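In what follows, a single structure is set out as C-alpha cells and then discussed.
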Amino acid sequence: MRIFVGFAALLLLFPYSGHAKDITEADLRAHIEILASDDFGGRKPGTAGENKTVNYIATQWQKAGLHPATGSDSWYMPVALIDRIPLRQMVKFSYPKRKQTASIRVDNDQIVLRGAVQSVNLSNAQIVYVGYGNLPEEDMAPIIDGKLVFMLMGSSKRENISDYRRRKANVIAAGASGVITVISDNSRFERSSRRFRRASTGLDWEKRHADVEGIVSRAVADKIFDKAGLDFTHLYLDAEQEGFRPQTIDIYADVSVETLIRSYQSHNVLGKIAGSKPESGAILFLAHWDHLGECRSEHAADRICNGAVDNASGIALLIETAKRLAKEQMDRDLYFLATTAEESGLLGASAFVESSGFPLGHLVAVFNADTVAVSPTGKRIAVVGRGHAGLDEDIEKIAQAEGREIDTSDKANAFLKRQDGYMFLEKDIPAYMITSAFADQAHLNLFLNGRYHDVGDEADEGLLLGGAAADANFHVALGRYFGSVDSFSEKSGPKIAIDRKLPDRVTE
C-alpha cells in the first residue's frame with residue numbers, strides 16, 4: 001500500500017512525465033556546436049554574430065511550436081546599448097587658501113574618467129561626499145544636484161545597504177553631474193582602472209549615466225579631502241552610521257573629458273507556450289545568448305572567444321526544454337527569454353525587467369540557465385538563490401522525484417548577484433539558477449581558471465555534457481511542476497529575502 005501511495009504521489013507531481021523523451025548530450029551538443037562555431041564570431045552584441053544567434057534561437061523556438069511574446073509578430077525585443085572608451089581627460093582640483101585658490105596635484109594614472117557623450121566639460125563643480133549613496137533619491141537631490149559626487153564602492157556592514165550598481169544609479173537619478181567612485185584597495189584599483197580604460201557597455205537610456213563617471217584611488221581621495229581639513233578614514237567610518245548624511249566639501253573641480261562613443265541596438269528574444277489557465281500565473285525560463293566576440297589581438301592565431309560553455313550551453317538547454325514542454329499542455333503560460341549583454345553587466349535582463357511592458361507580477365517563478373556544461377554527471381545540483389527566493393521546499397520535492405541531490409552548502413550563492421536571475425530577485429520575483437555545474441567545485445574551478453572567457457571555451461572533445469543533459473531534464477521537470485496548478489497552486493511565491501551582504505557584481 002505504501003508503495004502504491006508513493007507512486008501515486010509522483011504521478012501527481014509530474015503528471016506529464018511520459019510524454020517526451022529525455023534530453024540527451026547529443027541534443028545539446030548539436031546546438032552548442034552551431035552557436036559556438038567561428039561562423040557566429042563569439043556572439044558579441046551588435047555584430048553579425050548577434051544576427052545569426054537571435055535568428056537561430058527564434059527559428060528553433062518556432063519549429064518547437066512557441067509563439068513570439070513581444071506584443072507583436074516579432075520574436076525580438078530591442079535593447080539600446082552604448083559603448084564608451086575614455087580617450088583624454090583633464091582634471092584639476094582646487095580649494096580656497098588665504099583668500100586665493102590653490103590647486104591639488106593629482107596623477108593621471110590615479111583617476112580615470114569617461115563622459116556620457118563625446119565631449120564633456122565641468123567647470124568649478126563642487127564635491128559632495130555621499131558615502132555609500134544609499135539614501136532615498138529625494139533626500140539626496142537637494143544636496144547633490146549639479147555637484148561632483150565622491151562615493152564608496154565596497155560593501156558596508158549595514159544590513160540595509162544595497163549593491164553598488166543600484167547605489168550608483170540612485171546617485172545619478174538624484175542629479176549628480178559626475179560620480180567618482182573611491183576604490184580603497186590598491187590592487188583592486190589597478191584592476192578596475194585597466195578595465196575602465198577599455199570599452200564599457202551600458203544601456204543607452206536617458207539619465208542612465210552621469211555627465212562624468214570615473215574611479216579614483218584611495219591615496220588621491222585622502223589627499224583631496226585632507227586639503228579641506230577632513231580625514232577620509234573618518235569619513236569612511238561615518239558612512240557606516242545610520243544617521244549619515246551627504247557632506248558638501250570645500251573642494252572644486254574643473255573637468256574635461258573626451259570619450260569614444262558607439263550607440264547601437266541589440267535584442268532579447270522572447271517566446272511563449274500558452275497555458276490553459278493563464279490567470280493562474282506564468283513561469284519564465286531564461287539564459288543569456290551573448291559572449292565576448294573577438295577577444296585576442298589581430299595577430300593571434302585564434303582570436304574568437306566562442307563561449308561554448310558560457311553560454312551556448314545554457315541556450316541549448318533553453319531550446320531543448322522549450323521543445324519538450326511545447327508538446328504538453330500546461331496550466332500556466334511558459335515564457336522563454338534569451339537575453340543580450342549579460343557579459344556587460346546583466347544588461348539585457350535589466351532592460352527586460354525595467355521596460356518590457358511584461359507583467360512581471362504575473363510570474364510565479366523564474367529559472368536561469370548559465371554555464372551548465374561543466375560537470376560530467378548531474379547527480380548533485382546547486383541551487384543559486386536557495387534560502388533567498390521562497391520556493392526551496394518545492395525544488396526539493398522535484399529533486400527527490402528526479403533522483404537529484406541538492407548541495408546544501410551556501411557556496412553557490414556567491415554567484416547570486418552575478419547572473420541574470422538577480423534582476424528578477426530585485427523585483428521580488430522568485431528566481432533561481434539550478435545546475436550541476438556549481439555543485440561540482442573541482443570541475444567548475446578547472447573551467448573558471450582555464451577556458452572561462454578565453455579562446456579555449458569551444459565545442460570540442462573537452463566539453464562535458466553529462467551534467468548539462470541532466471540539468472536540462474530537470475528544467476523540464478521544473479516546467480511541469482510549476483506549470484501545473486495541481487502540483488503548485490500558489491499564484492505568486494512568498495516574500496523574497498535577499499541577503500544584502502552578498503558580494504557586489506561590479507561592472508565599471
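As the structure is a computational prediction, the values presented were derived from the model and not from experiment.
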For the pair [X] and [Y], find out whether any cationic side-chain nitrogen is under 4.0 Å from an anionic carboxylate oxygen.
X      : Y      : result
Arg195 : Glu190 : no
Glu458 : Arg451 : no
Arg208 : Asp204 : no

Report yes if the distance between the aromatic ring centroids of [X] and [Y] is under 6.0 Å, otherwise no.
X      : Y      : answer
Tyr432 : Phe424 : no
Phe415 : Phe438 : yes
Phe358 : Phe352 : yes

Query raised in the report: With under 30° as parallel and over 60° as perpendicular, where do the rings of Phe225 and Tyr129 fit, or are they tilted in between?
Result: perpendicular
Query raised in the report: Should the pair Arg114 and Phe196 be classed as cation-pi, given the thresholds of under 6.0 Å to the six-membered ring centre and 45° from the axis?
Result: yes
Query raised in the report: Between Tyr264 and Arg262, is there a cation-pi geometry (under 6.0 Å to ring centre, at most 45° from the normal)?
Result: yes
Query raised in the report: Looking only at heavy atoms, which two atoms of Ala351 and Leu203 are closest? And how far apart?
Result: CB-CD2, 4.0 Å
**Report entry** For Thr259 against Gly115, the heavy-atom pair lying closest together
**Finding:** OG1-N, 2.7 Å
Requested in this report: Determine which pairs satisfy salt bridge (Lys or Arg N to Asp or Glu O under 4.0 Å) with at least one residue from residues 133-154, sequence neighbours left out, and list them in order.
Outcome: none
Query - Qualifying salt bridge (Lys or Arg N to Asp or Glu O under 4.0 Å) pairs, either residue in residues 39-56, two or more places apart - result: Asp39-Lys52
Check whether more than 12 heavy atoms from other residues, nucleotides or ligands sit under 6.0 Å from atom [atom1] of [X], and answer yes or no.
X      : atom1 : value
His67  : NE2   : no
Gln265 : CD    : yes
Asp109 : CG    : yes

Any [X] side-chain heavy atom under 4.5 Å of [Y] side chain:
X      : Y      : value
Gln89  : Asn108 : yes
Ile111 : Phe93  : yes
Tyr76  : Asn55  : yes

**Report entry** Between Thr181 and Tyr164: side-chain donor-acceptor atoms closer than 3.5 Å
**Finding:** yes
Query raised in the report: Will you find, in the side chains of Ser72 and Thr70, an N or O donor that is under 3.5 Å from an N or O acceptor?
Result: yes
Query - Residues forming a side-chain hydrogen bond (donor to acceptor under 3.5 Å, both in side chains) with Asp454, sequence neighbours excluded - result: Arg296
